[in-house]
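Computed over heavy atoms, backbone and side chain alike; hydrogens, waters and symmetry mates excluded. Treat the numbers as computed from the prediction; the structure is a model and nothing was measured. We number each residue from 1, following the sequence as shown.
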Amino acid sequence: MSEEKNEKGGKKSLSKVYVIRITVILLIALIVTSAAVVAVNPLATKYVHKAENAYAARVDDITVDESFSPLSKDTVPEMKDYKVGKKIAVISCDDRGLNTEVYFGSDRVSMRYGSGLSTESTLFGEDGASYVTAYIEKDFDALRYVERDDVIKVVTEYGEYVYTVTDYFTEKSDEVSLDEYTDDTLVLSALYPMVSDDWGNSFVVVAEKGEVQ
């Protein structure tokens, strides 16, 4: 009987030893893991932020900023001063009924609210092409009726600019080139919807800068 009790007592003691050992090992592993996370976290955060800056913001990450004060600035800002989703201008053509708010970035968010200035183009009033896109069945519907010599006005926070239409044509959306425009030029690209026979094409209007009247 005493031998049986001793055997059971030995098993219990052995079980306690195993439990203690496993608990110690788990605690050590937890401490080591926590220390590693604390040490690596700043470095990982640095590289994540670096990666985020290297790529354009996803549509889900864009927040629209509709604050806009026409002609409130004395100097022309730089592209880097704008955040994607910021309202930066209003484009209008009274003769054709064109009136659209322009947001920084040519993405679905900008075109949901109005039109979008490509971040790969130039700001209005600067040398080069200011490339603005919108849906032809929405904000750029009026471009269907545009004619040469029509006047298009662009009002920004830093200035007002007038452009005269010089050309218009239909072209593949991914083939529209801005390289040929070295002077201040406004390029409006109206995107056709997926249900259209012209899906994949854009109706492009080119206007050259003139004098404010």
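- From I136, atom CD1 reaches atom OH of Y192 across 4.0 Å, with rounding to the nearest 0.5 Å.
- Under the rule for a ring pair (Phe, Tyr, Trp, His ring centres under 6.0 Å), F124 has no partner lying at least two apart in sequence or in another chain.
- L98 is not listed as a side-chain neighbour of D150, based on a closest heavy-atom distance of 4.5 Å or more.
- Note on Y168: it clusters hydrophobically with I152, by side-chain heavy-atom contacts below 4.5 Å among ILVMFWY residues.
- In terms of hydrophobic clustering, with Ile, Leu, Val, Met, Phe, Trp and Tyr side chains grouped at heavy-atom distances under 4.5 Å, Y135 and V109 are assigned to different clusters.
- Annotation for Y181: hydrophobic cluster partners, listed by chain and number, are Y131, F169, V176, L178, V187, V204, V206 (ILVMFWY side-chain heavy atoms under 4.5 Å, direct or chained).
- To the nearest 0.5 Å, atoms CG (D149) and CG (D95) are separated by 11.0 Å.
- Among residues two or more places apart in sequence or in another chain, the side chain to side chain donor-acceptor pair (under 3.5 Å) test is passed with K87 by E101.
- T164 has its side chain out of reach of E208: every pair of non-hydrogen atoms, C-beta onward, lies at least 4.5 Å apart.
- Counting heavy atoms from C-beta outward, S106 and V132 have side chains that stay 4.5 Å or more apart.
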Would you list the atom pairs, donor with acceptor, under 3.5 Å between side chains in residues 137-148 and any protein atom, with sequence neighbours excluded?
| unit_1 | atom_1 | unit_2 | atom_2 | d |
| --- | --- | --- | --- | --- |
| K138 | NZ | R112 | O | 3.1 |
| D139 | OD2 | T100 | OG1 | 2.8 |
| D141 | OD1 | R144 | NE | 2.7 |
| R148 | NE | T166 | O | 3.3 |
| R148 | NH2 | D167 | OD1 | 3.0 |

Name every donor-acceptor pair, under 3.5 Å, that has one atom in a side chain of residues 70-81 and the other anywhere in the protein, sequence neighbours excluded.
| unit_1 | atom_1 | unit_2 | atom_2 | d |
| --- | --- | --- | --- | --- |
| S72 | OG | S69 | O | 2.7 |
| K73 | NZ | E157 | OE1 | 3.3 |
| D81 | OD2 | E78 | N | 2.9 |

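- Looking at E66 and Y103, their side chains come closer than 4.5 Å, going by heavy atoms from C-beta outward.
- When side chains are defined from C-beta on, V102 does not count as touching V154, because their heavy atoms never get closer than 4.5 Å.
- Of the possible donor and acceptor atoms, one in the side chain of S130 sits under 3.5 Å from a partner among the backbone N and O of L123.
- Residue pairs meeting the salt bridge (Lys or Arg N to Asp or Glu O under 4.0 Å) criterion with at least one partner in residues 186-202, sequence neighbours excluded, are absent.
- With salt bridges taken as basic N to acidic carboxylate O contacts below 4.0 Å, none links D65 and K83.
- In this structure I28 satisfies the side-chain contact (heavy atoms from CB on, under 4.5 Å) test together with V24, V32, sequence neighbours excluded.
- When atom types are taken as modelled, the side chain of S173 and the backbone of G200 share a donor-acceptor pair closer than 3.5 angstrom.
- Hydrophobic clustering (side-chain heavy atoms under 4.5 Å, transitive across Ile, Leu, Val, Met, Phe, Trp, Tyr) keeps M111 apart from V205.
- Atom OG of S202 sits about 11.5 Å away from atom CG of L188, to the nearest 0.5 Å.
- Residue V90 is found in a hydrophobic cluster whose other members, listed by chain and number, are F68; membership requires side-chain heavy atoms under 4.5 Å apart, directly or through intermediates.
- Residues I91 and Y113 share a hydrophobic cluster, clusters being chains of Ile/Leu/Val/Met/Phe/Trp/Tyr side chains in contact below 4.5 Å.
- Here salt bridge (Lys or Arg N to Asp or Glu O under 4.0 Å) pairs that include residues 177-188, with residues two or more places apart or in two chains, are D184-K209.
- Put simply, the side chain of S110 gets close to the backbone of G105: a donor and an acceptor are under 3.5 Å apart.
- The side chain to side chain donor-acceptor pair (under 3.5 Å) search around S92 returns none, not counting sequence neighbours.
- Partners of T182 by side-chain contact (heavy atoms from CB on, under 4.5 Å), not counting sequence neighbours: none found.
- A donor-acceptor distance shorter than 3.5 angstrom exists from the side chain of T122 to the backbone of A129, with no hydrogens or angles considered.
- Summarising the local packing, OH of Y82 is surrounded by more than 12 heavy atoms from other residues, nucleotides or ligands at distances under 6.0 Å.
- In this structure, D127 has no side chain to side chain donor-acceptor pair (under 3.5 Å) partners at least two apart in sequence or on a different chain.
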